[in-house]
Amino acid sequence: MLQLQVIRDNREEITKALNKRKIDADSLLNNVLQLDEKRRDTQTKLDATLAESNKLSKEIGGLFKSGKAAEATILKEKTGALKEESKQLGDDLNSIAEELQNLLYQIPNVPHDSVPTGTSEDDNEEIFKEGTIPVLDSDALPHWELAKKYDIIDFELGVKIAGAGFPVYKGKGARLQRALISYFLDKNTAAGYTEIQVPHLVNEASGYGTGQLPDKEGQMYHITADDLYLIPTAEVPVTNIFRDVIANKDEFPICYTGYTPCFRREAGSYGAHVRGLNRLHQFDKVEIVRVEHPENSYAALDGMVEHVKDILRELNLPYRVLRLCSGDLGFTAALTYDFEVFSTAQDRWLEISSVSNFEAYQANRLKLRFKDENGKSQLAHTLNGSALALPRVLAGILENCQTANGIKIPEVLVPYCGFDTID
RNA sequence: GGAGGAAUGGCAGAGUGGUCGAAUGCACCAGUCUUGAAAACUGGCGAGGGUCACACCUCCGGGGGUUCGAAUCCCUCUUCCUCCGCCA
């Protein structure tokens, strides 16, 4: 959520930047500012009324104490009207504040200067590419065929137990998955991230804190009996650790990494592009989350990008890095880099990581602040990234590392797997 | 799931209807003293709104109510503790 004060002070620039997202920023901000003015106006009136009745109450108290009950009774009558008035103003204020809040929830984050203008993923900007795309035999298979051939992932079984998009990993497939999780966590902790295990269900407040609610209500599985949501990413529980926190600036940077399953409804997506591991309702992901001083957040973002590159380099997978355009940029992000692995057998790029700086957008919702040099509260910046999302990395490994004699496990994973070939 | 108790500032902990945003201690910050540090002393020290700055307003787990007036009384929800039940 954008800060009202910031909107008031930088209306021009914010309008211009938000327009990159193809929304009618001008009228949106106009409504916000009008409501904000109305809110302050009502607040001022309410404050004056309350001040008046506070004053009267004190006088009445004094009169009672000095035994002048008769005079007190007269004053009491005067408070009735004030009470009614403040009740009315209070109701007004609440409904205005609520309306304002709802409006603010509808405004996405302001894209960073470097974000290219665009309407879809086709306009994303490729900024880096590394690794060699292997030349496979003409009989090379896509990962879902390989999964069947080596009996390491059973999609049909998942359908029986839960439904489409819930695969069952078996034998070396399950082991490879576990190996990847361990490897990622080790890499992340070596880079200074503290490993953490968090709940996989979150409450409504947490959903609002990181911005999944109200924007992406339909994307999350909602357990109505207890009003909890299955997490779509570890970002939600991990970042919400800092909800209502005033950190000490000396604690920065705060770095966490956590493995969780992720649950996404992905309503309405079927077809060839969602075959196999390409898109699932449940998948595993290792996430990195940082809380940063605002001055340092973009340096931190660069550092996270380098970190993910390092992992992909070690896995020896061909990948590229994209700077998301305004049309593809997430609602809450100011700048996002996507990582994609090339799926040789499918002849397409698969997103395997998304690294974002949210600046103060989430912090504002979370009320995540720190004391600056002058002892004043300031919003911190939050960032996160996948390091990494499992299924498509797995798909990439299966497809790119297939040989006539089986799938050759990347060297760094062998100690974690306990085997070097799936055959 | 049942019975009882509790929830106050970063922490600990007073406060049971009136000038309490809240004693006191610890922690923290600044100053004095000191070669420096510690100790001691002095001052400061919650958050949000509002204002050029004051004033002023709101917040004592959340929400609602009683009252001229609520941290204090009532209702309700949440969480924690103790006991019972169930259980990996």
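A, B, ... follow the sequence lines: proteins, then strands. Residue 1 opens every chain.
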Which base, if any, makes a Watson-Crick or G-U wobble pair with [N], both distances under 3.5 Å?
N	result
B:C54	none
B:A22	none
B:A37	none
B:A7	B:U78
B:G85	none
B:C73	B:G65
B:C28	B:G44
B:G17	none

Starting at atom [atom1] of [X], determine the distance to atom [atom2] of [N], rounded to an integer number of angstrom.
X	N	atom1	atom2	result
A:Lys87	B:G64	NZ	C1'	10 Å
A:Asp226	B:U78	CG	C1'	14 Å
A:Asp41	B:U51	CG	P	11 Å
A:Glu251	B:C28	CD	C1'	14 Å
A:Asp227	B:C77	CG	P	16 Å
A:Phe370	B:G10	CZ	C1'	18 Å
A:Glu77	B:G69	CD	P	14 Å
A:Arg40	B:G48	CZ	P	17 Å

**Item:** No-hydrogen, no-angle side-chain donor-acceptor test under 3.5 Å, A:Thr336 and A:Ser356
**Value:** yes

Rounding to the closest angstrom, what is the interatomic distance between [N] and [M] at atom [atom1]?
N	M	atom1	answer
B:G18	B:A70	C1'	10 Å
B:U66	B:A71	P	16 Å
B:G61	B:C56	P	25 Å
B:G69	B:U19	C1'	12 Å
B:C33	B:C45	C1'	22 Å
B:A27	B:C59	C1'	24 Å
B:C60	B:G46	C1'	11 Å
B:C86	B:A23	P	49 Å

Compare side-chain N and O positions of [X] against OP1 and OP2 of [N] and report whether any pair is under 4.0 Å apart.
X	N	value
A:Arg8	B:G50	yes
A:Arg369	B:G48	yes
A:Ser53	B:G69	no
A:Asn54	B:C57	yes
A:Lys371	B:C45	no

Between [X] and [Y], does any side-chain N to carboxylate O distance fall below 4.0 Å?
X	Y	result
A:Lys170	A:Asp151	yes
A:Asp310	A:Lys187	yes
A:Asp36	A:Arg39	yes

**Asked** For A:Lys87, does the NZ atom have more than 12 heavy-atom neighbours from other residues, nucleotides or ligands under 6.0 Å away?
**Response** no

**Message:** Taking atom CD as the centre, does A:Glu314 end up with more than 12 heavy-atom neighbours from other residues, nucleotides or ligands that are less than 6.0 angstrom away?
**Reply:** yes

**Message:** Base, sugar-phosphate or nothing for A:Ser57? Non-hydrogen atoms, less than 4.0 Å.
**Reply:** base

**Request:** Check every strand shown and say whether A:Ile60 touches a base, only sugar-phosphate, or nothing at a heavy-atom separation below 4.0 Å.
**Result:** base

**Request:** Assess A:Lys309 against A:Tyr319: is NZ or CZ under 6.0 Å from the centre of the six-membered ring, and within 45 degrees of the ring's axis?
**Result:** no

**Request:** Mark yes or no for a side-chain to base donor-acceptor pair under 3.5 Å between A:Asp47 and B:G49, with no hydrogen or angle criteria applied.
**Result:** yes

**Request:** Quick one: sort the A:Phe263 and A:Tyr221 rings into parallel, tilted or perpendicular, breaks at 30° and 60°.
**Result:** perpendicular

Considering only [options], which nucleotide approaches the side chain of [X] most closely?
X	options	value
A:Ser377	B:A47, B:C56, B:U51	B:A47
A:Lys58	B:C68, B:G50, B:U19	B:U19
A:Leu50	B:C68, B:A47, B:U58	B:U58

**Asked** When you match A:Ile246 and A:Ala48 each to their closest nucleotide on RNA chain B, which lands nearer the 5' end?
**Response** A:Ile246

